[in-house]
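Heads up: the structure comes next, in structure tokens.
Excluded from the calculations below are hydrogen atoms, water molecules and symmetry mates; all remaining heavy atoms, backbone and side chain alike, are included. For this chain, numbers begin at 1 and follow the sequence in order.
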Amino acid sequence: WRRLYEGIEPLEPLDITFEDYATERSRLARSDAADADRAYWLTRVPDFPKAPNLPLAADPARLVNPAFASKTMSVPAERWATIKRRARDEKVTPSAALAAAYAEVIAKHGDGAPFCLNLPAFERLPVHPSIDRVVGPFSSTMLLPITIGSDVWAHARQIVTEINLALEHRWFGGIELARALAQHRRSGADPIAPVVFTAALYGAELPEWGETKALASQTPQVWLDCQVLERDGALLVRWDYVEPLFDAALKREIARITA
């Protein structure tokens, strides 16, 4: 897409489209492996934790066109490199380490019970030699059960384990699991996983296309989304949240973290 946008060189014709990819993925999702993944997740539904029980200042169902607020901070490159080295020594990914730290903050304001965390994930199945050149919404969702322990690194290792389990049973993804949870709980309009952690850490920085003037993000059924990405060797951390929904204590915590 960038080559086309900048007119660097003409693009070679493709013999696959995103529609072809979606059709093939749907076919694979009807396989025996998909049936096994569905059975696996359905056994976990009865004990799967609910959304974090965060202190709210308003009823989410009564908010109409809610305003989102954003707070951003940067972890300097040297400090971020130290965190990544420690994560490597602890045998966890940087994303898992940050997810564990984020979960610690959420748990601090919750009721101590296990909770569900929503992780957007990238998925591009190798169904065709040219699939890496196709532009499309190659994304999925993971729902992770979170139980806070006394050691954040042990918690990060548990997150790695849960992510690997989700990948092993990917044919019944987060959207399908959320539907199964809603049906089991008869929860109606109550959001299943409104607290999100988005880690755009791909092992290499995404190229800049110019100076970033402003960022905005808001998604239906999402109350709070912490996004992390690397820029110029540093770690950029951004919190997007429904401003009128949360109580003052949590908003002060977000302001303190991002100050």
Trp223 with Ile257, same ILVMFWY side-chain cluster at under 4.5 Å: yes
Short side-chain to backbone donor-acceptor contact, His169 and Leu165, under 3.5 Å: yes
Shared hydrophobic cluster, Val92 / Leu119 (ILVMFWY, side-chain heavy atoms < 4.5 Å): no
Quick one: pull up OG in Ser140 and CD1 in Ile175 and give me the separation to the nearest 0.5 Å. 8.0 Å
Salt bridge or not between Glu176 and Arg38? Use side-chain N to carboxylate O under 4.0 Å. no
Check: Glu12 main-chain N/O paired with Arg133 side-chain donor or acceptor under 3.5 Å: yes
Test item: side-chain donor near acceptor, His128 and Asp15, under 3.5 Å: yes
Heavy-atom distance under 4.5 Å between the side chains of Cys116 and Lys50, does that happen here? no
Do Phe197 and Met73 belong to the same hydrophobic cluster, where Ile, Leu, Val, Met, Phe, Trp and Tyr are linked whenever their side-chain heavy atoms lie under 4.5 Å apart, directly or via other members? yes
Does atom CZ (Arg79) have a neighbourhood of more than 12 heavy atoms from anything else shown, all under 6.0 Å? no
Could you check whether any side-chain heavy atom of Pro120 comes within less than 4.5 Å of a side-chain heavy atom of Val196, counting everything from C-beta outward? yes
Are any of the side-chain heavy atoms of Leu245 and Pro60 separated by less than 4.5 Å? yes
Using the benzene-type ring in the case of Trp, are the ring centres of Tyr102 and Trp239 under 6.0 Å apart? yes
Quick test of your reading of the model: are Lys108 and Glu104 salt-bridged, counting only N-O distances below 4.0 Å? no
Does atom CD (Glu78) have a neighbourhood of more than 12 heavy atoms from anything else shown, all under 6.0 Å? no
For the student: nearest non-hydrogen atoms of Pro244 and Ala57, plus distance: O-CB, 4.1 Å
With hydrophobic residues grouped by side-chain heavy-atom distances under 4.5 Å, do Ile146 and Trp153 end up in a single group? no
Quick one: does Asp35's side chain get under 4.5 Å of Trp171's, heavy atoms only? no
Ignoring hydrogens and geometry, is there a side-chain-to-backbone donor-acceptor pair from Asn164 to Leu167 under 3.5 Å? no
By side chain to side chain contact (heavy atoms under 4.5 Å, CB included) - contacts of Ala101 (at least two apart): none
Kindly indicate whether the side chain of Leu144, heavy atoms from C-beta on, has any atom under 4.5 Å from the side chain of Ile163. yes
Those residues that, when tested against Arg88, pass side chain to side chain contact (heavy atoms under 4.5 Å, CB included) (two or more places apart): Arg85
Please step through side chain to side chain donor-acceptor pair (under 3.5 Å) for the pair Asp20 and Thr23, ending with a clear verdict. CA-CA 5 Å; Asp20 297 330; Thr23 300; 5.6 Å; no
Salt bridge check, Arg238 against Asp240: does any charged N sit closer than 4.0 Å to a carboxylate O? yes
In terms of heavy-atom contacts, does NZ of Lys71 have more than 12 from other residues, nucleotides or ligands at under 6.0 Å? no
Check whether any side-chain heavy atom of Gln158 lies under 4.5 Å from a side-chain heavy atom of Glu162, and answer yes or no. yes
Does the side chain of Tyr241 reach to within under 4.5 Å of the side chain of Asp225, using non-hydrogen atoms? no
Does atom CG of Leu56 have more than 12 heavy-atom neighbours, drawn from other residues, nucleotides or ligands, at distances under 6.0 Å? yes
Less than 4.5 Å apart, side chain to side chain, heavy atoms only: is that true for Arg25 and Glu123? yes
Does the Trp41 side chain pair with the main chain of Phe172, one donor and one acceptor, at a distance under 3.5 Å? yes
Could you state whether Met142 and Val160 fall into the same hydrophobic cluster, counting links through intermediate Ile, Leu, Val, Met, Phe, Trp or Tyr residues with side-chain heavy atoms under 4.5 angstrom apart? no
Does a salt bridge link Glu230 with Lys84, judged by any charged N lying under 4.0 Å from a carboxylate O? yes
Looking at Ser26 and Arg30, what are the two nearest heavy atoms and their distance? O-NH1, 3.3 Å
Rounded to the nearest 0.5 Å, what separation is found between the CG atom of Leu235 and the CD1 atom of Ile83? 7.0 Å
Starting at CG of Leu236, measure out to CD of Gln227 and round the result to the nearest 0.5 Å. 9.0 Å
With sequence neighbours left out, write down each residue that passes side chain to side chain contact (heavy atoms under 4.5 Å, CB included) with Phe138, or none if nothing qualifies. Phe18, Tyr21, Phe122, Arg124, Ile131, Val134
For Asp59, does the CG atom have more than 12 heavy-atom neighbours from other residues, nucleotides or ligands under 6.0 Å away? yes
Keeping Asn118 on the side-chain end and Leu143 on the backbone end, is there a donor-acceptor pair under 3.5 Å? no
From Leu224 atom CG to Leu54 atom CG, the distance as rounded to the nearest 0.5 Å: 7.5 Å
Please check this pair: side chain of Lys251 against backbone of Glu243, looking for a donor-acceptor N/O pair closer than 3.5 Å. yes
